Visitor: 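Starting off with a structure, shown below.
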Amino acid sequence: MSGCSTLPLPSLPDLSSELMRLVAQVPPDGLTTYGDLARALGSRNAAIWVSQWIRERSAMEPELASRVVDKLTAGSRPRFTGFSGPHALQRLEDWLRAAAKFVDERPLGRAPKLVAGIDVAYPAPDRATAAAVLVDVRTKTVVHELVVERPVDFPYISGFLTFRELPAMMAACESLAKQAYAPDVVMIDGQGRLHPHRGGVATGFAAATGLPTMGVAKSLLCGQVEKGGDASTGAMIQRVLVGDEHLGFSLRATPKAQPVYISVGGGLSLDEVLGITLSLFTTTRLPLPTHRADRLSKSTRRERLDPAAILSRIRQFEERIDADLA
DNA sequence: GCGACAG
DNA sequence: ATCTTGTCGC
Ligand SMILES: [Mg+2]
């Protein structure tokens, strides 16, 4: 990366507090919808989270459900429109755009020797475990791996995954550095530039760390897979377009495997991302670094104690082998 | 108006 | 992401 400058992650708002603040603005006899509250928070993408939040709390506070309803229930009744205060998610969305502008896609120019896969799991609703697995590209072997655990409170909102997962991912990467391991490229479980604002979690990672970073996702957030693929190789490589922008590739590890969707995070070219992905495919759906990080991040989940759960655990492990390819 | 929505 | 049983196919 040029100069290795970075774009610091912004301070994260407490969305629950923000939502409580907004709900409190609705008069006792007023009416609002999940979508209206989401818009007041700064993004209508938050409507689903708002609905979950409201429904969870309306059990203890029935009065809540009478003032906050879905759009269908609201019908044509007049709704409260006087929400005031900062739009927390708008500020975060601005940061995503800034990160997208901050990173570059210039080629690394050299084949990476070490690639670090990073993924996050949730052993409890308020805990995140981030795993980093450092892989030697030439030998396709694991050089080092680690897990860090930390609290999470930022919810999953489509388009805002960065703010839920990036802090834990960065903590894992910093832990790697403290142990004197330095990846040439970081492979993130999620989108890079294949994002509505060209700034997915892998782009955020590239901007915040200055490290060359690529995104490998299991499903598409936006964009279309171009028809007519590459039948010559088994990978079935197809371009992914957002409008007329070529932002990524769809490809698969084996003819039977489901595809993955790759894109640049920052600090390297899309062609290099493609080459690295192909070179790190094995027998599983995900390329080695991300596959191992996914499994390692989930490995610390709390065990259930009843005997029946032990069988369940075994079954789950076996299913995992199939899921790797499906 | 209806469908989509990374993890 | 997480919960979760049985079942089909290579
Ligand atoms: Mg993940």
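From a predicted model like this one, the values you see are computed outputs, not experimental measurements.
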Visitor: Out of dC5(B), dT2(C), dG7(B), which nucleotide sits closest to the side chain of Glu165(A)?
Guide: dG7(B)
Visitor: Distance check needed: dA4(B) C1' versus Ile157(A) CD1, whole Å only.
Guide: 16 Å
Visitor: What is the nucleic acid contact for Phe154(A), judged by heavy atoms within less than 4.0 Å: base, sugar-phosphate only, or nothing?
Guide: nothing
Visitor: Supply the atom-to-atom distance Leu280(A) CG to Asp136(A) CG, rounded to the nearest 0.5 angstrom.
Guide: 9.5 Å
Visitor: Distance check: side-chain N/O of Lys298(A) vs OP1/OP2 of dA1(C), anything under 4.0 Å?
Guide: yes
Visitor: For dA4(B) and Ser158(A) - does any side-chain N or O of the residue sit under 4.0 Å from the phosphate oxygens OP1/OP2?
Guide: no
Visitor: Using a 4.0 Å heavy-atom cut-off, does Asn45(A) contact any base of the nucleic acid, only the sugar-phosphate backbone, or nothing at all?
Guide: nothing
Visitor: Using a distance-only test with no angle check, is there a side-chain donor-acceptor pair under 3.5 angstrom linking Glu165(A) and Tyr122(A)?
Guide: yes
Visitor: Indicate, with a heavy-atom threshold strictly under 4.0 Å, whether Gly159(A) touches base, sugar-phosphate, or nothing.
Guide: base
Visitor: Between CE of Met214(A) and OG of Ser263(A), what distance do you get to the nearest 0.5 Å?
Guide: 8.5 Å
Visitor: Give a yes/no verdict on a cation-pi contact between Arg252(A) and Phe281(A), requiring under 6.0 Å between NZ or CZ and the six-membered ring centre and an angle within 45° of the axis.
Guide: no
Visitor: Quick check for you: among dA1(C), dC5(B), dG7(B), whose closest atom lies nearest to any side-chain atom of Leu221(A)?
Guide: dC5(B)
Visitor: Rounded to the nearest angstrom, tell me the gap between atom CD1 in Ile188(A) and atom C1' in dA1(C).
Guide: 16 Å
Visitor: Whole angstroms only, please: what is the CG-C1' distance between Leu161(A) and dA1(C)?
Guide: 9 Å
Visitor: Let me know the distance between CD1 of Ile48(A) and C1' of dG3(B), rounded to the nearest Å.
Guide: 11 Å
Visitor: Considering every strand and a 4.0 Å limit on heavy-atom distances, what is the contact class for Leu220(A): base, sugar-phosphate, or nothing?
Guide: sugar-phosphate
Visitor: From CD of Gln52(A) over to P of dA1(C), roughly how many Å is that when rounded to an integer?
Guide: 16 Å
Visitor: I'd like to know if Arg67(A) and Glu63(A) make a salt bridge, using a cut-off of under 4.0 Å between side-chain N and carboxylate O.
Guide: yes
Visitor: Rounding to a whole Å, what distance do you find between Leu72(A):CG and dC2(B):C1'?
Guide: 13 Å
Visitor: Could you state the atom-to-atom distance from CD of Gln224(A) to P of dC5(B) in whole Å?
Guide: 10 Å
Visitor: Whole-Å distance between dC5(B) C1' and Arg164(A) CZ?
Guide: 15 Å
